[in-house]
Structures are given as structure tokens and as C-alpha cells.
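Here the structure is laid out as C-alpha cells; the discussion comes afterwards.
What you are looking at is a predicted structure, and each value in this text was computed from that prediction instead of being measured. Read the numbers this way: they start at 1 and go in the same order the structure lists the ligands and their atoms. We count residues from 1, following the sequence as given.
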Amino acid sequence: MMIDSHCHLHEAVFRDLRGTLTRAIDHDVWGIIAVGCDPGTNAKTLEVAGHHGKAIWPCLGCHPEWTGVTDAQVEEVEHQVGEHHSRLVALGEVGLPWYCLQAAPDPATLMVRGRQRLDRMLGLAARYDLPVILHAPHGAAVEALGLLRKRGIERAVFHWHKAPAEVTRQIVEAGYLVSVTPEVVYRERDRELVEGVPLESLLVETDSPWPYKGEFEGLPTEPWMAARVAEEVAKLKQLPVDEVMFRLSANACQLFDLPYA
Ligand SMILES: [Zn+2]
């Protein structure tokens, strides 16, 4: 039994959500952590979670790579979190910009704005005692770690984690989790990450509907793939699949304060 710890169910491709959930359950994926990125996708995430309360747990966020999100919309996200915090299992997707900086005419300004926004979001997480789902890849990871510590946030996952090994070591030592996607099946960098991190510090996710390569090439990405990711983690850890799936689910239950099945 598995949980997909990061999924964008607000996307239009998930029109047939009942079909998506059926395929997930067929693969023993019985729970989905659904993240939002701006006021509109947050509202959609709450709506789908409202219709499928047993299988979908909502999070609200402000995606750091969505450069079009205005200050007024950030305020709107803060209101949404204030209004719905008792229904949420985390704040996410939040974090620091990284990929968008490459094409930005003024990356320094974007980074300053991103830092301020993340700090505001972490303030909300502290206020409502919510864990945080972070987008902070590569060079952004070490700074996000610093901001988490400064705010005294105790529960966080670095989603689709990629960072230098030394930064990963600090993240794990601080008690935070890192998550891996279907890339772990075919990408050496992700496989090394799994080998180097204790099972207790790992989550699996699909970041659906993000497309993957290798055996997933051409397949629509859906939450059922979290089970395939867990299977690969078991291979890399050289442990029985059932044991690894149980541990990964327990990790998710602990981080998001979910009831054990
Ligand atoms: Zn995402």
C-alpha cells in the first residue's frame, strides 16, 4: 500500500479522476497528496479533494517557478491557507525559484522575491503547524534548508530532490525528508541518491502529470507509478518490496500526520 506524495491533480488531464484513482488502487496506491501552485489551482485542488476525501489529501501553495504569480495572488494564497488550514495536510508546492532564473532578464530580483515569498509561506506553516513540500532543486536546496531552520520548521520534504551530496546529508541530519520520482528507475543521479539516504528519510512521488522517459516514455504519468518507484527503491536497498512499501507509506503518514491504514 502506497501514497503518492506529490501530484498535480488540478491539471486538466485529470478530468477522469475516478479512472485515475481506480488505476492507482489497482497498483496499491491508496492515497494521493495533491499540491496547488496559485490561487486558481489551489481552489481546484480543494475541490477535487472535497469529492474524493478518502483518497486525496489537499495542500495549498505558491509555486516558486510560476513567475507570473503576482503579490496580490500571494496574499490570496495566504487567505486560502488561513481559511482552509484545518483541511490541509501540508503547505505545498512552495520553495525557491531555480529553473526560471536561467531565462529571466533579472534573476537576482526574482531570487530576492522568491526568498521573501518562501519566508512568508514558512511563516504560515509555523502558524498553522503544517509540514512543507518544498521545490528547491540543485543550488536552491541549501538556501531552503537555511530558511527552514531559521523559521524552526520541523517537518518538510524536499520534493524531487536534487542537490550536492553534502547538502543532502545536512537535510537528512536535520530530520527532513527527500522524495524521488519515476526518474529513479532510469537515472543514475537519482539511484545514487536513494542508495545514500536512509529509507526512513525517503518518500516517493510522481509529480503527475510530468512526463518521464525510460519505461514510462509515452505513458501519461499518474499516481499508480508511485508503486513502481517504491519497487525500484526496494531493489536499490536490496530489501523486500512489502517492507519498503510499508516503510515509505509510514514515512508519508508521519510527515503529513495521516492515519495509518
Ligand atoms: Zn510539483
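- Just one residue in the list Leu134, Leu255, Val157, Leu148 forms a side-chain contact (heavy atoms from CB on, under 4.5 Å) with Tyr176, and that residue is Leu148.
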Show the numbers, then the answer: is there a salt bridge (charged side-chain N to carboxylate O under 4.0 Å, His left out) between Arg247 and Glu243? CA-CA 6 Å; Arg247 187 63 248 180; Glu243 194 182 315; over 6 Å; no
Hey, can you pull the donor-acceptor pairs under 3.5 Å for the side chains in residues 89-107, sequence neighbours left out?
{"residue": "Glu93", "atom": "OE1", "partner": "His6", "partner atom": "NE2", "Å": "2.9"}
{"residue": "Glu93", "atom": "OE1", "partner": "His8", "partner atom": "NE2", "Å": "3.1"}
{"residue": "Glu93", "atom": "OE2", "partner": "His63", "partner atom": "NE2", "Å": "3.0"}
{"residue": "Glu93", "atom": "OE2", "partner": "His135", "partner atom": "ND1", "Å": "3.4"}
{"residue": "Glu93", "atom": "OE2", "partner": "His159", "partner atom": "NE2", "Å": "3.0"}
{"residue": "Tyr99", "atom": "OH", "partner": "Lys162", "partner atom": "NZ", "Å": "3.3"}
{"residue": "Asp106", "atom": "OD1", "partner": "Thr109", "partner atom": "OG1", "Å": "3.2"}
{"residue": "Asp106", "atom": "OD2", "partner": "Thr109", "partner atom": "OG1", "Å": "2.3"}

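- Ring-plane geometry between Tyr128 and His85 is classed as parallel, the angle between the planes falling under 30 degrees on a 0 to 90 degree scale with a further cut at 60.
- Protein-derived N/O/S atoms nearer than 2.8 Å to the Zn ion (ligand 1) total 4, waters excluded.
- The heavy-atom pair separating Trp224 from Ala24 by the smallest distance is CB-CA, 3.9 Å.
- At distances below 3.5 Å, at least one donor-acceptor pair connects side-chain atoms of Arg87 with backbone N or O atoms of Leu46.
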